Structures are given as structure tokens and as C-alpha cells.
Amino acid sequence: MKRLHAVMLLGPLLLSGCGGTKEAPSARDDAQWDQAMTAGQDSFDLGRYSVAITQYRKAADLALMRDDGKAAAEAGYNLAVAQLAADLPADAVRTVQAARQAARVRGEGMHAAFDLVEAAADYRLKQYPQSVALAEQAMGASETALASRAAFVAGLSASEGGDSAALQKANVYLQGMKPPLSRSMQADKAEIAARVLLASDPTQAAQLAQNAADLRRDDASYRDMSRALALAATATDRAGDHQKAATLWARAAQSAAIQANAAGKVDATTVAHGALAKGGTRTAETDAEQWARLAGGISLHPFETDTK
Amino acid sequence: MFQIRLRQKVKPLISLRYADEWVGFLVLLSVVLFAGAVVEAGVLRDWLTPPATLRVTLPAGGVGGLTVGGDVQLLGAHAGTIRSVKLNPSGDMYAIVDLDPQAKPFIRRDSTAVIRKQFIVTGAAYLELNKGHGDPMDWSYAVISATPAPNPADMITATLNDIQAQIMPAIASARHMMAQLDATITDMHAGKGTVGQLMTNDELIRQAQAAAVSLNTVIDRLKPIEKQISGVMNKTDATMGNLRSASQDLKGATPHLPAIAGNVEASTADLPVLLAQAQTTLYGLEKLTDQLRGMWLLGGSKVQKKTRLAPRQVRP
């Protein structure tokens, strides 16, 4: 009986010891690199983009120090994404080019991911044809999440650049995705569908855009949400309901303004850097100003006191 | 004589026995005393000691009135005579002096001789030797050089010449200045220049009076401002007082500053270590959390941590 008890107590421990296999060595084994990447990811998730940029830059330098092409590519990709989130698209493009070069000379390739980031940065820099070309390249990636996001970026740039063929291509790709789809993918699909229907069926487009905005809100992706709200406003305006359209623009403008303001308060460094490269680029601030103008003069920060 | 006395048979009035012997004895005694006195007075020594011979090279300008038999003095006392004045083949003149042997120790190689006149400008010339302090003289061929004493008359003449050279230009300048002054005053009287106009033209005076009146007006206007300035100065004074008290407070606080700085330094010195430890601990904690999450015993499953940010984070 005693022996049975002992086996019952030690059994799970022995089983847990048997579980799992030895992982292949990677840059994760380097505590410094791993720490920088982890700190970068945590800062990114908290919206501290300047801290994330610093950490990812440190990780990229450490990857070069250990002459690890894969680690350099991953750190460079993350750095570019963080720069894009911090409204620094020009810096993001430079980072992508540097990371491509670093990965190429070390025999590594992460082309689809780099294409996606560069396409998104080009969209911000209003270089739509270049953005569409890069995004369409990235659509061929084996990773579904990456390919669907690339299709979304291609559709977005095609819509802004007036390239209906590319827009249709992106829409066909997104509509052809098999479930189950993540919330982000569903939102991408709805937003591109709305853009396709904007001219022919604005009411349906507005409905889809609203749906996309709701999905973005649930996904805590507020930049994408405000853009979907603005799209819904445009569709509603085209459908003839100007009052509702103004309301939607106001909602989009206020969200974008608060995002810009939050970036200014939380992350003064990011704003200081961004202010240098904002001419001719799309930022939360410029979007807020544009949508507020369309809404017809609203207060962007209604809860702020007039002590300034 | 003895025979005469015997013949006369006359008894002499005073009979002196051995008178001749006594006279002879006195004569001899006198001679001995004289010789002793002579020896005692050193006359013989003087006679027996030969005089020292000194050659004195005379200046190229002439002997300066020195004559053979002329006096030679040392420290104002007679020390010898000039025996002869000679001319050597090279044209230089020199005098041979018989020097009193007593003066020999005073004459050294650096001794010099000066030709002086007895009454400065007139009188007999004599040679004055100076006491030397250098090496002893080689008396087998003793030579010193003589210089003539400066002639006071020459000095007076040179001084007068200097005075004349200094004063004459000054007199010329004074004359020139007086001429300039005369010309200036003449021009001023004629009304030339500012001063001349001032003297002859009343317009300038009137303008000056007008300027003085304007100045009075300006000063009257400035008086209220002066009061304001006084107020400002009072306020500034008060401010300075506050500043002084503040600086005194600061001065009082200053002695504590090194201690505070020391504490801060001690605290901050540990900060990097503390930060590194905190970072390491947090990193370890995160790793532990990940492992705990992955343990199937706690209902979790092994999660492969992705290093790359999700594609949905790429925000166009």
C-alpha cells in the first residue's frame, strides 16, 4: 500500500521529467538578446514605442555581434514594426533595408515579412504603387496571417491609389480565405470588401466598415478602428446620410486625436522624432485633423481642461 | 812745559795736579757721549740705509710743473724727493724718485701717483703717492704711473659750457612760445577762431543762454521721473534685501550640501547594481512564469514563444 502511494506521488514528477524534447539552439539562448527582445515586445504591447525601438535596436546590434542572420532579421523586422507604430515610416523603410542587407549577407531570408512592413510604411508615405507591388509579393507567403495582412495592405494602398484591379485582387484573396479566421483577419476582409463596394453600394459598404470597426475595437487595434470608422463615414455620406457621416467622422477624429495625444504624453521621444518626418506622411495627428475638418469643427479633446 | 814750571820757581796760585789728563779725559768722555747720542738718534741708520728708487711714469700731457728736487708726499707726509726727470727713447717722460725707506711698505703694485699743485691752482707742483692694497712692489724695478690732478678751472669752464648748452635752447623755445602766444592773442583780438568769435560775437553767448534755458526745462520734466526712479530704487532695495536673506539661508544650508551629496552619491553608487539585479530577477521570474504556464500538471501546455511580432501589428 505504501509503495502504491509512493508511486502515485512520484509518478507525475517522473512523467513531467520525461515530457518535452530538447530545443534546437537559437539566439534565445543568449540571455542579453532574449532579454532585449522580451523587453521590446513588452514595451510594444504597452504602447511605449520609443522604449521598444531602443530595445529592438539593441537586440539587432547584439545579433550582429553574434553574427546571427536570423536573429538580426527578426530584431530588424520588430524594430521596423515599432517605428511604424511610432509614426516613423521613413525610419522603418531604412531599417527594413538594413535588415534585408544584414540577413542577405548571412544567408538568411525573411523577404515576405520585410515586404509587408515596407509596403505598410510606403502606404504611410503615400507611395501607393510601390506599396501595392511589395504587398502583392508578400501575399505569396506561406504564413496565412502574414499573407492575409499583406493582401489587406495591398487592398488599402490600391484603394487610396485608385488601382481597382489590385483592390479586386486583394479582395478576392481575402474572400477566398478559409475559416476559422481570427478577428483581425475578419476585420481586414470586411474593410477591403467595404472599399470595393464603396462606389457601387455605399450602404452595404458602410455596414461592412462599421462591422470592421467593431472587430478592430474588440481587437484593441484602435488605429485600424479609427480608419474603419472614417471609411464608414465616407460610405454613409455617399449613401446620403450626412449627419450620421459627420458623427462617424467626429468619432474617428476624436479617437485618432487621443491616440496622437497619448503618444505625445506617454512617449515624448517618439513625437519629437516623428515631428521631423511628418511632412507628406499619414500619422494619427494628420488623420485626426482631416476627419475633424470633414466632421465640421468638433472638439478633439472634450475632456481636457482649458488650463493650457 | 814741566821744564818751564820747574824753572820759574814761582808757586802758582791754583795748583792743579794732572790737569792735562783730566782735560783729555773730559774730551774723550764728550766724544763717547756724542757718539752714543748719534747712535741713539738713528742718524747713522738713516745715513747707512740707502733710499728706495721709484720710477713714476708721467702723463703724456707733460710733467705738470714737477721739477728736480720736488717734494713727494705719501698720505700728506713727506716721503721723498724727485731726483731727476727723464725722457725715454719712445717719447714718454718719467721721474726717478728717491723714496724714504719708511714709505716702502705703503707702495704696492696698484699704487698711483697724482701731480698736484701746492695751492690747488698755483704753487709748486708735488707728487702725491696713494697707499696701495695689492701685491708688494718689486723694488728692483719699481714703476707706477702718475696722473695730473683735475684742474678746477677746467671743470668750472666745462660746467659753464654745459649750462650754456642747456639754457640756450630753452631760451629759444621760450622766445618761440612768446611769439606764438603773441600771434594767437592778436588773432583772438581780431575775432578769428572759436575763442575769437566768443570774444567778439555775442551770438554764441545767446545760444548758450538758450541752451541753458532748455536744459532747465528738461530738468523740470525729469523731476517726476526722478521720483519714480526713487520708488523703483526702493523696490530694488527691498528685492536685494530679500535676495540677501535668501542667500543667507542658502549659506546656512550650504554646510549640509556635502553631506547630502555624499548620501546621494552613496545611494546612486548602488543603483546600477540594483538595476542589473532587478533586471536579472525579472528576467528569471518571467522565465519561471513561462515554464509554470507550460506545465501540464497545472493545466497549461508548452507554448512556443515567438520572437517576431505578429503580422497584425504591422499597422498601415
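Keep in mind it's a predicted model, so treat the numbers as computed, not measured. Chain letters run A, B, ... following the sequence lines, proteins first, then strands; residues in each count from 1.
Across A:L116, A:V153, A:V117, the residue that shares the most heavy-atom pairs under 4.5 angstrom with chain B is A:L116. Ranking A:S221, A:A31, A:A80 against chain B, the residue ahead of the rest is A:A31, based on heavy-atom pairs under 4.5 Å.
When atom types are taken as modelled, the side chain of A:R149 and the backbone of B:V314 share a donor-acceptor pair closer than 3.5 angstrom. The backbone N or O of B:P316 lies less than 3.5 Å from a partner atom in the side chain of A:R227, making a donor-acceptor pair.
The number of heavy-atom neighbours closer than 6.0 Å to CZ of B:R206, taken from other residues, nucleotides and ligands shown, is above 12. Atom CD of B:E203 is surrounded by more than 12 heavy atoms from other residues, nucleotides or ligands within 6.0 Å.
Atoms CD and CZ, from A:Q41 and B:R308 in turn, are 12.0 Å apart once rounded to the nearest 0.5 Å. The structure places CG of A:D42 at 5.5 Å from CD of B:E286, a figure rounded to the nearest 0.5 Å.
Remark: A:E108 pairs with no residue by the salt bridge (Lys or Arg N to Asp or Glu O under 4.0 Å) rule, at least two apart or across chains. In this structure, the side chain to side chain donor-acceptor pair (under 3.5 Å) partners of B:R315, at least two apart in sequence or on a different chain, are A:Y49, B:Q313.
Residue contact with chain B, scored on non-hydrogen atoms closer than 4.5 Å, involves the backbone and the side chain of A:L146 alike. With a 4.5 Å cut-off on non-hydrogen atoms, A:D188 does not touch chain B at all.
The list of ring-ring contact (aromatic ring centres under 6.0 Å, His included) pairs with a residue in residues 115-151 of chain A, not counting sequence neighbours, reads A:Y123-A:Y128.
Applying a 4.5 Å heavy-atom cutoff, the residues of residues 263-285 of chain B that approach chain A are B:Q279, B:T280, B:Y283.
The two residues B:L309 and A:Y56 have their closest heavy-atom pair at CD2-OH, 3.7 Å.
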